[in-house]
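Reading through the structure tokens given below for one structure.
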Amino acid sequence: MLKKRAQELLVAAFEALQIPVSAETIRLEIPRQEFGDLATNVALTLAKRLRKPPRAIAEQIAEVLRTMAEDLAQVEVAGPGFINLRFTPQFYHQMLRQIVEQGAQWGRHQAEHPLSVNVEFVSANPTGPLHLGHGRNAAIGDTLANLYEWMGHKVVREYYFNNAGNQMRMLALSIYARYRQLLGDADYPLPEDGYRGEYITDIARSLVEQYGDQLRQGTEEQLQLIQKKGEEWCFRMIRQTLDRMGVQFDVYFNEDRLYTEGKIEEVIALFRQKGLVYEKDGALWLKLTAVGRPQDRVIVKSTGEPTYRLPDIAYHREKFERGYDVLIDVFGADHIATAEDVKAALAALGYDVSRLKVILYQFVTLLEDGKPVKMSKRSGKTYTLDTLIDEVGADVVRFFFLMRSVSKHLEFDLNLAREQSEKNPVFYLQYAHARIASIFRKMDERGIAISEAAMMEGIEQLQQPEELALIKELARFPEIIEAATSAAEPVILADYLRDVATAFHRFYHQHPVLGADSPLREGRVALLHATQTTLRNGLAILGVSAPERM
RNA sequence: GCGCCCGUAGCUCAGCAGGAUAGAGCAGCGGACUUCUAAUCCGCAGGUCGCAGGUUCGAAUCCUGCCGGGCGCGCCA
């Protein structure tokens, strides 16, 4: 809200001076405290075009701004030509009134043209429990979905359920091997690249309980049954873990459907029409080099089975056909090449791939005592997301996965996460919220009831630097949501909430609320409400709880 | 070899549509609880922004090259 207002004022000033400048070229940033509330370098960027020294331009604009004067307490030209702005306390009071009025809706945008958005994330194969990478994926995807909702769009959360590839066959064979071992064939070998986790034995055990030795022969039919049971089991595990992460999907899209509904065949036919496929060595190749990709790829193996790339393309085409305005994929960094291939293929089929945003997040390393925890897929010795949640709780897990840029490798420091103390950054935010809740409880105990009207009255009493600094911080919330959404970076919101908490703790430390005299007390209560709302809403977007007490 | 991501304080990271003295958290040192939660606050200390060039009035930020780390480059998914 601050930047928007400043931008309006600057645009008006430029108009008065008859200098044509578009609003977007006026960039505002928050400078060091002593310079002001906002600063712009617009005079510096215009210097060349206007052939005037930047300071002279800045002075001119500043002059006009000073005469307009509304909402601005101070306009200064500094350094090489920055214009520093400081708002009046009255302006901040007005903001605070708006926040209190909006209450639970504070921070929500009303999109002029609401978009339909599909966010596909997690999409882990139903062959085992979720791991840390999936956890980061879940946290990022769900938060992006939340952000789009807060921007006023309509969001569908979707999970692509990859239950048709040959990894499923491997799952069945792995379970079968354990099943045989349980039946007494201790030496029955696990397949070369089989799944080795504990859960495989659990599944096998449940089969023994249900079927006894009836599946011993391992006929095709029996293996299919085992596969089905394994898939269901894994799916249940996955959903339980996602539940604990606070993630709910609207759509689970089964890969099966692409086959049963003929989508795979359709895509092949389309590629044929466009002359984008050819046969070689008994396989069907997609001519990706014709659409700017470095290599052609096999899409149907010589065995007649499609490679994973083909259903991927068919699936994305299906999503496009459903008519979303925006499609978002959340993938691990290892999907780079595939994602680009899928995009190029869809573009070749005539789809507007600018609507498809692929979010690639970097890998997660688990650190314990400063050293990476070794994970081995072969031995099945991996650290599951469930284990992590058991150990540190869902709030910490979600926050830790969101507190770094998506594009950065993430070091998950187990020792820090386990720390139930001030060192843990999650608690810092939650504590601010709980502290406010505590004051409200105290008010109840003492029988203090304050009407909204009284709060609104009291707001103009807020003149202390810590009070104004806190309002200033709160006022950024809608802009932060917008920035985090357009950059697809939850960390922007996470960092912001820390700043809010800091501003609050400073205020709290310096100024008593209930001990203050009316009407200042009422004004401070309004500030508490606004702060709590901001923290609660922000934490909700991140999927972290806002506790009433700690 | 090629492609993508990353290199900023002891550690983990912000800042990067160029701009005013490069910021946080943790760790270190020193202060603040008879008051609404000290899971807090205040202060001190800590940096050749990987290296070398280039563009510019101005580069952590843009360009090129190199060095270092991660991830890819399957008829696996």
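Throughout, protein chains are lettered first and strands after them, A, B, ... in sequence-line order, and every chain is numbered starting at 1.
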Inset, instruction - Take A:Tyr508 and A:Lys301, find for each the nucleotide of RNA chain B with the closest heavy atom, and name the residue whose nucleotide sits nearer the 5' end. - result: A:Tyr508

Inset, instruction - For the pair A:His335 and A:Phe331, name the ring-plane relationship: parallel under 30°, tilted 30 to 60°, perpendicular over 60°. - result: parallel

Inset, instruction - Whole angstrom is fine here: how far is it from OH in A:Tyr160 over to C1' in B:A77? - result: 10 Å

Inset, instruction - Give the rounded distance in Å between these two atoms: CZ of A:Phe331 and P of B:C5. - result: 17 Å

Inset, instruction - Counting Watson-Crick and G-U wobble pairs whose two distances are both under 3.5 Å, find the runs of 3 or more in a row that involve RNA chain B. - result: B:1-7 with B:67-73, B:10-13 with B:23-26, B:28-32 with B:40-44, B:50-54 with B:62-66

Inset, instruction - Could you check how far CZ of A:Arg549 sits from P of B:C36, rounded to whole Å? - result: 16 Å

Inset, instruction - Answer with base, sugar-phosphate or nothing: what part of the nucleic acid does A:Pro294 contact at a heavy-atom distance below 4.0 Å? - result: nothing

Inset, instruction - When you get a sec, tell me which of B:C36, B:G19, B:C26 is the closest nucleotide to the side chain of A:Lys423? - result: B:C26

Inset, instruction - Could you work out the separation of B:C62 and B:G7 based on their P atoms and round it to a whole Å? - result: 10 Å

Inset, instruction - Could you tell me whether A:His433 contacts a base, only the sugar-phosphate backbone, or nothing, with contacts defined as non-hydrogen atoms closer than 4.0 Å? - result: nothing

Inset, instruction - Remember a base hit wins even if backbone is also touched, and classify A:Ala337 as base, sugar-phosphate or nothing at under 4.0 Å, heavy atoms. - result: sugar-phosphate

Legend entry - Given RNA chain B, 5'-ward residue of the pair A:Ser421 and A:Arg27, judged by closest heavy atom: A:Arg27

Legend entry - Shortest side-chain distance from A:Glu34, nucleotide among B:U21, B:C13, B:A39: B:U21

Inset, instruction - Would you indicate what A:Gln510 reaches in the nucleic acid, counting non-hydrogen atoms under 4.0 angstrom: base, sugar-phosphate, or nothing? - result: nothing

Legend entry - Pi stacking test for A:Phe35 and B:A20: under 5.5 Å apart, planes under 30°: yes

Legend entry - Rounded distance (Å) that lies between atom C1' of B:A20 and atom CD of A:Gln33: 16 Å

Inset, instruction - Please state the P separation for the pair B:C29 and B:G19 - nearest whole angstrom. - result: 37 Å

Inset, instruction - Using a heavy-atom cut-off of under 4.0 Å over every strand shown, decide if A:Asn166 touches base, sugar-phosphate, or nothing. - result: sugar-phosphate

Legend entry - Distance-minimising heavy-atom pair for A:Ser421 and A:Phe427: O-CD1, 3.5 Å

Inset, instruction - Give one of base, sugar-phosphate or nothing for A:Asn162, where a contact means two heavy atoms less than 4.0 Å apart. - result: sugar-phosphate

Legend entry - Pairwise C1' distance for B:C33 and B:G46, with rounding to whole Å: 29 Å

Inset, instruction - Could you tell me the separation between the CZ atom of A:Phe399 and the OG1 atom of A:Thr143, rounded to the nearest 0.5 Å? - result: 10.5 Å

Inset, instruction - Remember a base hit wins even if backbone is also touched, and classify A:Pro512 as base, sugar-phosphate or nothing at under 4.0 Å, heavy atoms. - result: base

Inset, instruction - Could you give the distance separating B:A20 and B:G58 at their C1' atoms, to the nearest angstrom? - result: 11 Å

Legend entry - A:Arg435, nearest nucleotide to its side chain (from B:C4, B:A38, B:G70): B:A38

Inset, instruction - Examine A:Arg476 relative to A:Tyr496 and say whether NZ or CZ is less than 6.0 Å from the centre of the six-membered ring and inside a 45° cone about the ring axis. - result: no

Inset, instruction - Could you tell me whether the side chains of A:Glu466 and A:His511 share a donor-acceptor contact shorter than 3.5 Å? - result: yes

Legend entry - Between B:C16 and B:U61 - P atom distance, rounded Å: 13 Å

Inset, instruction - Starting at atom NE2 of A:His509, determine the distance to atom P of B:C33, rounded to an integer number of angstrom. - result: 9 Å

Legend entry - Minimum heavy-atom distance between A:Trp285 and A:Lys280, given as atom pair plus value: NE1-O, 3.3 Å

Legend entry - Which nucleotide in B:C36, B:G19, B:C75 has an atom nearest any side-chain atom of A:Val513: B:C36

Legend entry - Whole angstrom value for the distance that separates C1' of B:C71 from NZ of A:Lys408: 16 Å

Inset, instruction - Using the P atom as the reference point in each nucleotide, state the distance between B:A27 and B:G69 in Å, no decimals. - result: 30 Å

Legend entry - Per A:Arg404 side chain, nearest of listed nucleotides B:C13, B:U40, B:C41: B:C13

Inset, instruction - Tell me what A:Ala432 touches on the nucleic acid: a base, only sugar-phosphate, or nothing, going by heavy atoms under 4.0 Å. - result: nothing

Legend entry - Glycosidic class, syn or anti, of B:A17 using a 90° window around 0: syn

Inset, instruction - Kindly say if A:Lys442 contacts the phosphate of B:U35, meaning a side-chain N or O under 4.0 Å from OP1 or OP2. - result: no

Inset, instruction - Could you state the atom-to-atom distance from CG of A:Asp341 to P of B:C4 in whole Å? - result: 14 Å

Inset, instruction - Indicate whether the side chain of A:Tyr383 and that of A:Glu391 have a donor and an acceptor atom separated by less than 3.5 Å. - result: yes

Inset, instruction - Looking at every strand, decide which applies to A:Ala283 at a 4.0 Å heavy-atom threshold: base, sugar-phosphate, or nothing. - result: base

Inset, instruction - Mark yes or no for a side-chain to base donor-acceptor pair under 3.5 Å between A:Ser302 and B:C75, with no hydrogen or angle criteria applied. - result: yes

Legend entry - Any A:Tyr428 side-chain N or O less than 4.0 Å from OP1/OP2 of B:C41: yes

Legend entry - C1' gap between B:A9 and B:A14, integer Å: 13 Å

Legend entry - Sequence-distant partners of A:Phe235, ring-ring contact (aromatic ring centres under 6.0 Å, His included), two or more places apart: A:Phe161, A:Tyr252

Legend entry - B:C73 phosphate, OP1 or OP2, under 4.0 Å from A:Arg297 side-chain N/O: no

Inset, instruction - Using distance alone, with no hydrogens and no angle criterion, decide if A:Glu305 and A:Asn166 have a side-chain donor and acceptor under 3.5 Å apart. - result: no

Inset, instruction - Pull up the glycosidic torsion of B:C4 and say syn or anti, syn being anything within 90° of 0. - result: anti

Inset, instruction - Would you classify A:Ser405 as touching base, sugar-phosphate or nothing, given that sugar-phosphate means primed atoms plus P, OP1 and OP2, and contacts are heavy atoms under 4.0 Å? - result: sugar-phosphate

Inset, instruction - Return yes if the base of B:A20 and the side-chain atoms of A:Asn84 contain a donor-acceptor N/O pair under 3.5 Å, otherwise no. - result: yes

Inset, instruction - Would you classify A:Ser438 as touching base, sugar-phosphate or nothing, given that sugar-phosphate means primed atoms plus P, OP1 and OP2, and contacts are heavy atoms under 4.0 Å? - result: base

Legend entry - A:Pro31 versus A:Gly36, closest heavy-atom pair with distance: CG-O, 3.8 Å

Legend entry - Member of A:Val373, A:Leu367, A:Leu388, A:Thr365 meeting the side chain to side chain contact (heavy atoms under 4.5 Å, CB included) criterion with A:Phe412: A:Leu388

Inset, instruction - In sequence, state the C-alpha distance, the side-chain angles, and the governing distance for A:Tyr308 and A:Asn162, and then conclude on side chain to side chain donor-acceptor pair (under 3.5 Å). - result: CA-CA 9 Å; A:Tyr308 66 97; A:Asn162 208 319; over 6 Å; no

Inset, instruction - With heavy atoms under 4.0 Å as the rule, sort A:Ala434 into base, sugar-phosphate or nothing. - result: base

Inset, instruction - Report the nucleotide, chosen from B:A20, B:G74, B:C71, that has the shortest atom-to-atom distance to any side-chain atom of A:Gln295. - result: B:G74

Legend entry - Inter-nucleotide P distance (B:C51, B:C44), Å rounded: 28 Å

Legend entry - Is_stacked (A:Phe82, B:A20) at 5.5 Å, 30 deg: yes

Inset, instruction - Tell me what A:Arg446 touches on the nucleic acid: a base, only sugar-phosphate, or nothing, going by heavy atoms under 4.0 Å. - result: sugar-phosphate

Legend entry - d(CD1, A:Ile299; P, B:G74) in whole Å: 16 Å

